[in-house]
Amino acid sequence: MAQPIIIAHRGASGLRPEHTLAAYQLAIDQGADFIEPDLVLTKDGHLICRHENEISGTTDVALKPEFADRKKVHIIDGERYEGWFTEDFTLAEIKTLRCKERLPQLRPGNMAYDGQFEVPTFEEVLELAKQQSAKTGRTIGVYPETKHPTWFEGLNLSFDAPLVRLIQRYGLDAADAPIFIQSFEVTNLKRLRAKTKAPLVQLMAKDGGPFDLSKAGVTYASMATAAGLKEIATYANGVGPEKVLVLPRDAANRNLVPTSFVDDAHTAGLVVHPWTFRAENYFLPEDYRKGQSSDPTYLAQHGDLIAEVEAFMAAGVDGVFSDFPDIAVQARASR
């Protein structure tokens with residue numbers, strides 16, 4: 001059996017502000033196999049790397065008086081967002097912004113890097129992976145996620161053309177290419193299936209369902225069944241489940257025994273890459289937390305992430321998304 005892959009979630013985002021070239025570079029230095037950029041679109045159709053199209057939480061846009069009048073409120077995928085949105089900015093304007101830490105309460109050390117890095121384009125990430133593959137002799141893959149595709153299509157901004165164009169330009173339009181394209185939605189993945197040979201991954205959470213199929217009543221719970229996974233295999237090569245779909249937790253936040261999810265996915269011919277493995281106690285089950293809960297910094301302290309990753313690898317997953325790729329690499333090496 002192949003070794004599980006280590007996917008640097010937004011780069012080494014536990015140690016640098018997420019979705020910056022610095023975070024991706026550190027992840028590569030730490031041994032990650034893939035770097036993961038979330039993709040959103042600019043007003044002029046460029047793919048840039050941000051977790052959300054609302055960017056006040058990850059950039060200094062709110063401090064820019066020249067952009068004050070662009071603050072808006074939108075309902076995106078059924079949720080209310082207030083702030084500044086990438087689709088209202090050209091790439092040139094985005095490049096005037098600087099990134100900042102998204103989780104300052106849990107990662108105060110990352111705030112030392114606030115204001116140092118610009119927002120990268122997807123092409124810059126592809127170029128970094130290409131250069132570092134040549135430099136290190138390792139194949140550095142990319143694992144892009146299309147964010148809110150239905151929302152952007154409603155603005156006449158589609159991921160398809162710019163994404164496929166860049167994939168082809170960088171020699172990644174092949175079934176065995178070091179790339180996975182992921183989405184929480186279904187329609188865009190099915191559409192991409194007809195446009196690229198690159199591997200596709202269906203993301204799923206424990207709650208809710210894909211926004212594009214919400215009117216049809218499709219839920220992630222139904223997609224996570226053996227029959228649902230078999231259907232996913234008709235258009236995708238893998239699944240990215242929220243961790244608890246593989247190892248559920250009880251009411252006391254302790255791990256239970258693994259579900260049949262991994263076996264069912266493998267039976268359907270799908271690889272399984274669960275998300276997200278983070279070192280802070282805040283994100284860990286009770287089994288792996290460390291320190292005194294009475295300590296004000298308890299939730300920001302690091303627990304035993306190695307043990308958690310090992311538990312999932314023992315359950316048979318084919319890869320893990322981690323904010324701390326160095327720890328995930330250690331866990332894999334200890335198997």
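Of the possible donor and acceptor atoms, none in the side chain of Glu18 sits under 3.5 Å from a partner among the backbone N and O of Glu101. Using a distance-only test at 3.5 Å, with no hydrogens or angles considered, a donor-acceptor pair links the side chain of Arg193 to the main chain of Thr196. A donor-acceptor pair is defined here as one N or O able to donate and one able to accept, closer than 3.5 Å; such a pair exists between the side chain of Lys243 and the backbone of Thr276. Put simply, the side chain of Arg289 gets close to the backbone of Asn281: a donor and an acceptor are under 3.5 Å apart. Remark: side-chain polar atoms of Thr42 are not paired, donor with acceptor, to backbone N or O of Thr90 under 3.5 angstrom. Distance alone, capped at 3.5 Å, is enough to place a donor-acceptor pair between the Glu54 side chain and the Trp84 backbone. Judged by distance alone, with hydrogens and angles left aside, the side-chain atoms of Asp60 form no donor-acceptor pair with the main-chain N or O of Leu97 at under 3.5 Å. Side chain of Ser260 to main chain of Asp263: no donor-acceptor pair is present (N/O by atom type, distance under 3.5 Å, no hydrogens or angles). Looking at Asp323, its side chain never comes within 3.5 Å of a backbone N or O of Leu15 through a donor-acceptor pair. In this structure a side-chain-to-backbone donor-acceptor pair under 3.5 Å is missing from Thr297 to Ala300.
Atom CD1 of Ile76 and atom CD of Glu52 lie 7.5 Å apart (nearest 0.5 Å).
Ring pair Trp275/Tyr143: centre-to-centre distance not below 6.0 Å.
Checking each of Glu127, Arg138, Gln25 against Gln132 for a side-chain hydrogen bond (donor to acceptor under 3.5 Å, both in side chains) leaves exactly one that passes, namely Gln25.
Using modelled atom types, one finds a donor on one side chain and an acceptor on the other under 3.5 Å when comparing Arg10 with His51.
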